[in-house]
Number of protein chains: 2
Amino acid sequence: MDELDSAIVRELQQDARQTNRSLAQKLGVAPSTCLERVRLLHRRGVVRGYHADIDPAALNRPVEAFVSVQLRPPSRQVIEGFKAAMFALPEVLAVYVVAGEQDFLVHVSVPSLDTLHSFLIDRLTQRREVTSFRSQIIYDSARKHVVAPLD
Amino acid sequence: MDELDSAIVRELQQDARQTNRSLAQKLGVAPSTCLERVRLLHRRGVVRGYHADIDPAALNRPVEAFVSVQLRPPSRQVIEGFKAAMFALPEVLAVYVVAGEQDFLVHVSVPSLDTLHSFLIDRLTQRREVTSFRSQIIYDSARKHVVAPLD
DNA sequence: CGTGAAAAATACTCGCT
DNA sequence: AGCGAGTATTTTTCACG
């Protein structure tokens with residue numbers, strides 16, 4: 001990860017569809033050089049993929065929330081099982097196994113508050129390993145698409 | 001958003017760099033048709049951008065956490081100010097204004113637990129509007145890159 | 001390891017249905 | 001709106017420095 005790699009990573013985070021040519025021009029190297037670097041970044045697992053960012057409203061998912069969940073017992077089996085079950089649900093965007101009062105954080109996006117309520121009742125309350133949960137509706141959010149190396 | 005649009009959106013979420021040609025082939029339409037659809041999806045704001053997914057470890061950010069923050073007073077001014085301040089920090093990946101006991105959720109990624117501690121002390125404790133906060137280290141996580149329409 | 005030029009593939013335009 | 005042939009760019013390869 002030298003300076004050129006970092007610059008490539010930054011640019012591809014900003015716009016994954018820019019041509020290799022314009023990328024090379026911006027960074028002041030030959031297109032073939034740039035292409036080789038990008039390939040190495042793939043092989044090394046630095047670049048994990050390229051994904052379109054879609055407006056949730058267009059997918060009929062205007063309502064988002066975080067649901068914190070406490071599990072019993074918080075064993076590996078229970079945690080892994082719950083994680084897999086949640087991830088399989090279409091409403092779920094992401095799952096996080098966390099340390100703290102709660103064991104789990106589930107990021108969901110749904111068509112309405114009604115759908116959220118149904119999700120909580122049908123998908124969480126049902127499960128015996130869920131001892132408690134708390135949901136936080138997201139009023140507003142902002143996410144970075146370009147993340148710089150630290151240190 | 002007919003069936004073709006949905007298919008395009010799904011495919012571009014899965015791999016944003018696939019050529020228009022292969023995309024058209026998969027969906028059984030002419031490349032020019034496909035290109036026109038993609039452009040319309042842009043214009044309508046359905047596709048907001050294309051971003052490379054980078055391994056956080058490669059950016060020297062192996063430690064992630066959610067920090068829940070309570071603000072006083074939870075006025076628009078205070079919330080917006082805090083949001084902007086947090087978003088400007090390099091450690092911050094995303095910010096969420098939420099409803100519930102806490103007012104804010106900050107997603108951070110840092111080089112180490114030490115860095116996280118410094119972040120909490122120097123960037124949160126310092127601020128007068130922060131009345132309390134709680135941090136949850138992320139042990140494990142999974143995020144979907146392809147999100148389907150609901151209903 | 002980076003480069004430049006040739007070859008192959010792709011994007012993009014546009015007149016037509 | 002969707003299509004396909006033609007043109008313009010781009011990607012990709014490869015022999016050389």
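Lettering follows sequence order; numbering is per chain, from 1. Atoms considered below: every heavy atom in the structure, side chains included; atoms not considered: hydrogens, waters and symmetry mates.
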Answer yes when B:R37 and B:D2 have at least one side-chain N-carboxylate O distance shorter than 4.0 Å, and no when they do not.
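Salt bridge flag = yes for B:D2 with B:R37.
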I'd like to know if B:R72 pairs up with B:E129 as an ion pair, taking the criterion as any Lys NZ or Arg NE/NH1/NH2 lying under 4.0 Å from an Asp or Glu carboxylate oxygen.
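Between B:E129 and B:R72 there is no salt bridge, as every charged N stays at least 4.0 Å from the carboxylate O atoms.
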May I have the distance from [X] (atom [atom1]) to [N] (atom [atom2]), rounded to whole angstrom?
X	N	atom1	atom2	result
B:E36	D:dC3	CD	P	12 Å
B:R43	D:dA1	CZ	P	11 Å
A:L23	C:dG2	CG	C1'	15 Å
A:E3	C:dG2	CD	P	13 Å
A:N20	C:dT3	CG	P	12 Å
B:L27	D:dA1	CG	C1'	16 Å
A:Q18	D:dT10	CD	P	12 Å

Tell me which one of A:Y96, A:F133, A:F104 satisfies ring pair (Phe, Tyr, Trp, His ring centres under 6.0 Å) with A:F82.
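Of A:Y96, A:F133, A:F104, ring pair (Phe, Tyr, Trp, His ring centres under 6.0 Å) with A:F82 is met by A:F104 alone.
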Can you find a donor-acceptor pair, distance only, under 3.5 Å between A:S32 side chain and C:dG4 base?
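Present.
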If you compare every side-chain N and O of B:R21 against the phosphate oxygens of C:dC12 (OP1, OP2), does one of them come in below 4.0 Å?
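No, no such contact exists.
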Within the structure, does a side-chain N or O atom of A:R39 lie under 4.0 Å from either OP1 or OP2 of D:dT13?
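For D:dT13, OP1/OP2 do have a side-chain N/O of A:R39 under 4.0 Å.
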Quick one: do the B:Q13 and B:K144 side chains pair a donor with an acceptor below 3.5 Å?
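B:Q13 vs B:K144: no donor-acceptor pair found between side chains.
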In terms of side-chain heavy atoms of [X], which of [options] is nearest?
X	options	result
B:L4	C:dG4, D:dG2, D:dT12	D:dG2
B:L35	C:dC12, D:dT13, C:dA11	C:dC12
A:V29	D:dT11, C:dT3, D:dG4	C:dT3
A:T33	C:dT10, C:dG2, D:dT12	C:dG2

Name the nucleic acid region contacted by A:R17, choosing base, sugar-phosphate or nothing; use a 4.0 angstrom heavy-atom cut-off, strictly under.
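No contact at all - A:R17 keeps every heavy atom at 4.0 Å or more from the nucleic acid.
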Pairwise 5' ranking along DNA chain C for B:S22 and A:R37, keeping only the more 5' one:
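The residue closer to the strand's 5' end, by nearest nucleotide, is A:R37.
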Shortest non-hydrogen contact from B:Q102 toward B:S68
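Closest heavy-atom pair between B:Q102 and B:S68: CG-CB, 3.6 Å.
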